[in-house]
Each structure stands twice: as structure tokens, then as C-alpha cells.
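Structure, as C-alpha cells:
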Amino acid sequence: MAGVASGVGKTTIATGLMAALHRRGIEVANAKVGPDFIDPGYHALATGRPPRNLDPWLCGADHLPGLAGRAGDGADLLVIEGVMGLFDGADDGSPSSTADLAALLDAPVVLVVDASAMSSSVAAIVRGFRDHDERVRLGGVICNRVGSDRHEALLRQAIGPLGVPVVGCLRRDDAFEWRDRHLGLVPVAERATAVSRSIDRLAHAVERDLDLAAIESIAREAPRLDVAHPPMPAHVGPCRIAVAGGAAFTFSYADNVEALRAAGAEIVPLDPRRDPTLPDGIGGLIVGGGFPEVFGEELSANVDLRSEVRSRIAAGLPTWAECGGLLWLAAALDDRPMVGALPVRAALGARLTLGYRTVRTRRDSVIGPEGTRFRGHEFHYSTCDPPGEALALDAAHRSGREGFATPTLLATYVHHHAGGDTSLIEHFVGAVVSSSS
């Protein structure tokens with residue numbers, strides 16, 4: 001059974017709700033609409049299950065029910081946090097919003113409204129969200145940042161005639177003021193103990209102010225769907241692939257890791273801040289996104305690992321780097337020496353590059369031959385000089401070239417989610433197997 005939370009303050013509330021339901025003995029599955037990496041880490045800590053993303057644009061709407069089924073496998077409830085506002089999505093108008101996903105799953109929506117500066121006006125907001133799209137079933141409303149008992153009474157009185165149940169009024173509470181960074185919340189891996197304590201406080205506030213039984217009942221209104229299994233790559237042979245992690249590289253999709261394993265890869269963790277060498281016996285390297293700029297001094301100080309990675313890549317080690325991984329492979333990041341496998345200097349800037357991208361490779365690379373097409377997304381403040389020209393990007397407000405590729409390498413700002421297309425994973429693992437034989 002699924003329920004979708006959407007609105008202002010939804011990340012902290014959705015995480016607190018997951019934790020509170022989990023504390024009641026309910027097996028709660030978790031997911032996030034859209035391409036976010038950080039929020040799902042909080043969800044995973046709250047529920048004890050893998051982080052999941054459900055993105056109709058990246059994965060294709062047809063695959064979303066199957067991916068939701070994977071996310072909810074073995075659980076009593078699937079709680080899905082929305083992205084942006086309920087109806088916000090990709091510029092090209094294709095299915096991508098929280099409302100689109102709710103319609104695909106026939107899942108009820110619990111709307112979170114910032115009620116801090118209103119009373120009777122809340123009715124107009126709730127009515128608008130209820131009536132804007134007939135596909136969306138508004139199951140309930142949570143009023144956030146409520147100031148007093150009197151304020152709560154006024155809000156409930158205004159919403160009451162609409163026939164949409166108010167399932168809670170969260171008071172202004174410091175527990176909901178989470179630490180932010182330039183790309184959103186600070187990743188769980190950086191301060192797991194502190195985040196766990198924060199989630200406990202969130203769960204307590206949710207138990208105090210929300211009607212958990214009513215929310216559970218709304219979620220259980222979602223029909224059970226007969227869904228197809230999500231795609232998986234063919235098994236192309238055993239190999240060992242080092243996957244960068246630790247506090248500096250926390251951006252990875254659970255579906256990608258599972259696809260790598262299905263293709264025959266053994267995942268070997270690598271912490272580029274701490275590990276002095278690459279793991280023994282690896283035949284490939286994946287370095288995803290994260291915050292290498294925050295840990296630049298430590299990454300730069302790990303001279304032996306940087307030297308080994310540079311030499312192994314030059315010798316043909318199959319390597320796939322995305323965003324933060326691209327920065328680590330650069331010659332320098334904000335004047336700190338990095339691996340030096342790419343002829344590029346990277347720097348953190350003040351301008352955000354964000355959005356979905358349709359990509360076509362202009363070179364043979366480790367994910368496929370020239371002309372390989374896939375969907376991905378960018379989310380970064382940094383820039384590279386030169387930007388590279390191995391990939392052609394197409395989007396509503398950004399077209400051009402970027403990235404670096406050789407037959408054994410791909411380094412790009414674009415993140416790929418393998419939930420709907422596992423062919424890139426299959427090709428990469430095949431390249432690793434071939435290079436190791």
C-alpha cells in the first residue's frame with residue numbers, strides 16, 4: 001500500500017512519519033519522487049530499508065509501478081516523499097511530478113501545507129490542490145508550523161467543510177530545522193549518529209502532533225497493483241568492481257547497485273579519503289557523486305591512492321565517474337591536487353546547474369559505443385575547465401557538450417538511474433569482465 005506526501009517541509013515530516021510508523025511495529029518501505037540522493041538516505045535511516053527513488057522521467061512511466069513494487073517488497077506500507085510541489089515536474093511536460101506518480105500508482109496523497117502565516121486562507125489552498133487534477137486523490141492534510149491551539153482550531157474550522165481530513169497540525173519545533181548545505185540536507189553518512197538522534201526527535205514530534213492511525217488508514221486505501229518486475233541486466237560474468245563511498249561520495253542509487261550485482265559484479269567498497277590503495281583484484285571502478293569539495297583536503301592528502309588510480313586508469317581500468325567522481329578524477333579541485341586522470345581543473349562556483357538531460361555519447365566509452373543514448377540529470381555548483389565534449393546534452397534550457405570518454409572511461413556531470421534502462425550497467429560490467437580476462 002502506498003501513500004504520497006507532498007508540500008512545504010515534506011522531507012523532515014516524511015522522514016519523521018516513516019520513523020514513527022516504524023516505531024509502532026509497522027514494516028515501512030520508503031521512496032522519494034525524483035532524482036534526489038540525500039533525502040532517501042534519511043528515509044533509509046528511519047526505516048532500516050534501502051534508499052529508493054521513483055522518477056517517471058528518468059526511468060519511464062511504464063517502469064514505475066514495478067520499481068515501486070521493488071521498493072515496497074515485504075513491507076506493510078510504502079511511504080513516498082514527493083518532489084517540489086505536488087504538480088511540479090520536468091519542463092518538457094512529460095510525466096515527472098508527484099501527482100503523475102500518485103496517478104500511476106493510484107496512491108492517495110497527504111498534502112503538507114505551511115500554515116504559519118494564515119488561518120482561513122488555508123481552505124483556498126487545500127481546495128485548489130484537491131480540484132486541480134482529477135487524477136489525484138487527496139487523502140488528507142497536514143498543517144505545518146502551527147503556532148498555538150487557537151491557530152490549530154482556526155485551520156481545522158476552515159478546512160472542515162471541504163471534506164478533506166486534517167490528519168495533524170505540527171507545531172513550530174526546532175526538531176524540524178535540519179542542517180542545510182548548498183545542495184540540500186547534509187548527507188547521512190557524514191554524521192549518522194547525530195542524524196539518528198534528530199530522526200528520533202522528529203518521530204516523537206510526529207507521534208505527538210499527527211494522527212498516525214488515520215494516516216495509516218489513508219495509505220491502506222491504495223489498491224494492490226499487479227506489477228511487472230523491473231528490468232535487470234543479463235548476467236555477463238563474475239568480476240570485482242570498486243565503488244567509491246565514505247563521507248565524500250554518498251550519491252548512488254540502490255537500483256544501480258542491484259543492477260551491477262545482477263550483471264555479475266561483486267561490489268567492493270572504497271573510501272577515497274581513507275583507503276591507501278585500491279582493493280585487491282578489482283577489474284573496474286565507479287565513483288559517483290557527493291561532496292568532494294567539502295573533503296578536498298583529505299582527498300588531496302591521500303597521495304598514494306591518487307597515484308595508483310591515475311596509473312590504473314591510464315592503463316585501461318574500466319572507470320565510470322559521475323559529478324563528484326568527475327571532480328575527483330580532475331587534475332585539481334579548487335587548487336587542491338586530485339587524481340589527475342583527466343586534463344581538467346574543477347572549481348566550486350555560485351551558480352547551480354540543475355535539471356534532466358537527454359544524452360548522446362559522441363565517443364566510444366565504457367557504457368557503450370558512440371551514439372549511445374540515455375536519460376540522466378545534473379545537480380552541481382561546480383564547473384570544469386575545459387568542460388569536455390564527449391557527450392551531447394539536450395534539455396529545455398541547456399544544450400551543449402560536456403564530459404570525457406575513452407573506450408575504457410566515462411566521466412561526466414550527468415547522473416544515470418538504471419531503474420528503467422539497465423543496458424549501460426550491462427555494458428560496463430561486460431567491459432570489466434573483458435578487460436580482466
Side-chain angles (χ1 to χ4, degrees), residues 35 37 52-60 62-64 66-67 70 229-244 249 251-267 282-289 313 316-326 329 356-379 388-395 401-436:
F37 290 103
R52 297 289 181 183
N53 295 74
L54 300 174
D55 192 310
W57 196 94
L58 283 180
C59 300
D62 292 345
H63 294 301
L64 264 294
L67 292 170
R70 176 189 288 168
H229 292 295
M232 276 294 182
H235 189 280
V236 293
C239 62
R240 286 167 56 86
I241 296 176
V243 176
F249 298 98
F251 292 4
S252 64
Y253 290 123
D255 291 284
N256 289 27
V257 173
E258 290 165 3
L260 285 165
R261 291 188 172 122
E266 176 189 351
I267 304 300
I282 64 156
L285 173 64
I286 293 178
V287 190
I313 289 176
L317 177 71
T319 301
W320 188 351
E322 293 180 342
C323 201
L326 165 65
L329 296 187
Y356 291 120
R357 308 288 184 251
T358 300
V359 182
R360 175 180 56 82
T361 60
R362 303 181 64 248
R363 307 276 190 278
D364 292 344
S365 78
V366 76
I367 64 167
E370 177 185 349
T372 296
R373 296 179 180 271
F374 65 95
R375 287 189 164 196
H377 68 96
E378 288 186 273
F379 188 29
E389 56 177 24
L391 281 71
L393 308 185
D394 186 24
R401 298 174 181 177
E402 68 91 52
F404 302 84
T406 71
T408 58
L409 172 110
L410 180 73
T412 173
Y413 270 120
V414 179
H415 296 278
H416 172 64
H417 189 294
D421 176 12
T422 62
S423 63
L424 276 62
I425 296 281
E426 183 176 329
H427 196 281
F428 179 79
V429 174
V432 173
V433 172
S434 297
S435 70
S436 303

In the structure I gave you, are the side-chain heavy atoms of [X] and [Y] within less than 4.5 Å of one another anywhere?
X: His427; Y: Pro369; value: yes
X: Asn53; Y: Pro35; value: no
X: Ile282; Y: Ile241; value: no
X: Val414; Y: Phe374; value: yes
X: Asp421; Y: Arg375; value: no
X: Arg401; Y: Leu393; value: no
X: Leu391; Y: Arg357; value: no
X: Thr319; Y: Leu329; value: yes

Counting only N and O atoms by type, is there a donor-acceptor contact under 3.5 Å from the side chain of [X] to the main-chain atoms of [Y]?
X: Ser434; Y: Gly430; answer: yes
X: Thr406; Y: Leu409; answer: yes
X: Arg240; Y: Ile267; answer: no

### Query
Partners of Asp62 by side chain to side chain contact (heavy atoms under 4.5 Å, CB included), sequence neighbours excluded?
none
### Message
Please determine whether a side-chain nitrogen of the Lys or Arg among Glu370 and Arg363 lies less than 4.0 Å from a carboxylate oxygen of the Asp or Glu.
### Response
no
### Task
Would you check, one step at a time, whether the test side-chain contact (heavy atoms from CB on, under 4.5 Å) holds for Leu317 with Thr408?
CA-CA 7 Å; Leu317 177 71; Thr408 58; over 6 Å; no
Classify the angle between the aromatic ring planes of [X] and [Y] as parallel (below 30°), tilted (30 to 60°) or perpendicular (above 60°).
X: His415; Y: Phe251; result: tilted
X: Phe428; Y: Trp320; result: tilted
X: His417; Y: Tyr253; result: tilted

### Sole candidate of Asn256, Thr372, Thr361 that passes side-chain contact (heavy atoms from CB on, under 4.5 Å) when paired with Leu424
Thr372
Could you pull out the closest heavy-atom pair between [X] and [Y], with the gap in Å?
X: Val432; Y: Pro318; result: CG2-CB, 3.8 Å
X: Arg70; Y: Pro230; result: NH2-CG, 3.0 Å
X: Cys323; Y: Gly289; result: CB-CA, 4.4 Å

### Task
Measure centre to centre between the rings of Tyr413 and His377, then say whether the value is under 6.0 Å.
no
### Summary
One should read off an interatomic distance between Leu410 CG and Ile367 CD1, to the nearest 0.5 angstrom, of 4.5 Å
### Task
Tell me, please, which residues at least two apart from Arg52 pass salt bridge (Lys or Arg N to Asp or Glu O under 4.0 Å).
Asp255, Glu258
### Query
Judged by modelled atom types alone, do Thr412 and Glu322 share a side-chain donor-acceptor pair under 3.5 Å?
no
